[in-house]
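Here's the structure we're looking at; comments come further down.
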Amino acid sequence: MRRTVMLLLAGIGVLAGCQVLGPAPTPLLDGAGGVTEWQVGDDNIPDAFTRGTAAFARAQDLVDAVLAEATGQGLPPGARLWSDVQATGSGSAVGIIQLANAGDDSVAGQEIRLRLLRDPAGWYIDAIAYRSHCRRGVDPSGDFCV
């Protein structure tokens with residue numbers, strides 16, 4: 001179950017294919033063992049949140065729906081979620097999701113960024129990126145916690 005939640009949250013990642021917009025606030029994550037590089041997760045965007053399918057009136061409504069889907073699968077005991085939406089323009093925003101106490105011996109938590117865009121139908125996820133905050137350290141490639 002922990003892996004399912006981690007994969008779902010990883011699949012609902014952050015700003016893939018574009019520049020990451022500054023550091024996210026870190027109210028939950030400390031990254032004492034380091035932080036992995038940002039990973040692209042565009043191929044993991046659930047259909048309900050993509051252009052042509054999603055029709056959310058507000059960017060926050062979209063992020064709330066993502067969180068509802070993730071938490072509906074269950075979270076590890078002691079896990080905590082935090083989210084925020086930062087406007088970047090009249091039709092664009094960045095959604096930030098953090099999962100702390102991921103229930104994994106090497107991963108302390110994950111940080112996920114969603115590039116959100118608005119079309120006439122409403123808000124949708126355009127791109128995803130994610131990175132892990134590690135308990136012990138990051139492998140030499142920078143992609144995984146050890």
Side-chain angles (χ1 to χ4, degrees), residues 1-135 138 142-145:
M1 183 179 295
R2 286 183 286 190
R3 286 220 179 268
T4 303
V5 172
M6 295 292 284
L7 290 174
L8 171 66
L9 290 174
I12 302 180
V14 181
L15 292 180
C18 71
Q19 198 173 25
V20 175
L21 302 176
T26 54
L28 298 179
L29 302 174
D30 62 13
V35 180
T36 64
E37 298 293 328
W38 286 103
Q39 303 291 315
V40 173
D42 291 345
D43 56 340
N44 294 322
I45 302 172
D47 290 339
F49 304 125
T50 60
R51 184 178 192 166
T53 322
F56 294 91
R58 300 179 317 129
Q60 185 64 56
D61 295 340
L62 174 54
V63 171
D64 290 346
V66 168
L67 288 173
E69 182 166 320
T71 57
Q73 296 182 26
L75 292 173
R80 296 184 302 155
L81 285 171
W82 176 87
S83 68
D84 189 26
V85 174
Q86 300 172 351
T88 57
S90 62
S92 63
V94 176
I96 302 166
I97 298 172
Q98 291 182 352
L99 168 69
N101 301 327
D104 186 277
D105 67 337
S106 63
V107 179
Q110 284 196 313
E111 186 174 1
I112 300 154
R113 290 182 183 252
L114 310 169
R115 184 172 59 199
L116 310 175
L117 297 178
R118 183 178 62 204
D119 66 11
W123 288 91
Y124 63 93
I125 298 173
D126 180 61
I128 288 176
Y130 61 92
R131 65 183 180 178
S132 295
H133 290 247
C134 306
R135 293 187 195 280
V138 181
D143 293 337
F144 304 101
C145 295

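We count residues from 1, following the sequence as given.
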For this session: Would you please name every residue forming a side-chain hydrogen bond (donor to acceptor under 3.5 Å, both in side chains) with S83, sequence neighbours left out?
Result: none
For this session: Taking salt bridge (Lys or Arg N to Asp or Glu O under 4.0 Å) as the test, write out the residues that go with D64, two or more places apart.
Result: none
Exercise. Which residue pairs satisfy the salt bridge (charged side-chain N to carboxylate O under 4.0 Å, His left out) criterion with at least one member in residues 48-57, sequence neighbours excluded?
Worked result: R51-D119
Exercise. What are the two closest heavy atoms between E37 and R131, and how far apart are they?
Worked result: O-CB, 3.7 Å
Exercise. Roughly how far, to the nearest 0.5 Å, is the CD atom of Q86 from the OG atom of S92?
Worked result: 11.5 Å
Problem set entry | Residues which pass salt bridge (Lys or Arg N to Asp or Glu O under 4.0 Å) with D143, listed by chain and number, not counting sequence neighbours | none
Exercise. For A48, what residues pass the side chain to side chain contact (heavy atoms under 4.5 Å, CB included) criterion, not counting sequence neighbours?
Worked result: none
Exercise. When rounded to the nearest 0.5 angstrom, what is the spacing between CD1 in I45 and CD1 in I125?
Worked result: 6.0 Å
Problem set entry | Distance (rounded to the nearest 0.5 Å) between H133 NE2 and Q110 CD | 9.0 Å
Exercise. At what distance, to the nearest 0.5 angstrom, does CG of L114 lie from OH of Y124?
Worked result: 13.5 Å
Problem set entry | N101 CG to L81 CG distance, which is reported to the nearest 0.5 Å | 10.5 Å
Exercise. Between T36 (side chain) and S132 (backbone), is there a donor-acceptor pair under 3.5 Å?
Worked result: yes
Seminar exercise, completed: With sequence neighbours left out, the residues meeting side chain to side chain contact (heavy atoms under 4.5 Å, CB included) with A59 are V85, A93, L116, W123
Exercise. In Å and rounded to the nearest 0.5 Å, what is the OG1 to CG distance from T50 to D42?
Worked result: 11.5 Å
Exercise. Quick check: does any side chain N or O of R135 sit under 3.5 Å from a backbone N or O of D104, one acting as donor and the other as acceptor?
Worked result: yes
For this session: For residues V63 and F56, determine if any side-chain heavy atom of one lies less than 4.5 Å from a side-chain heavy atom of the other.
Result: no
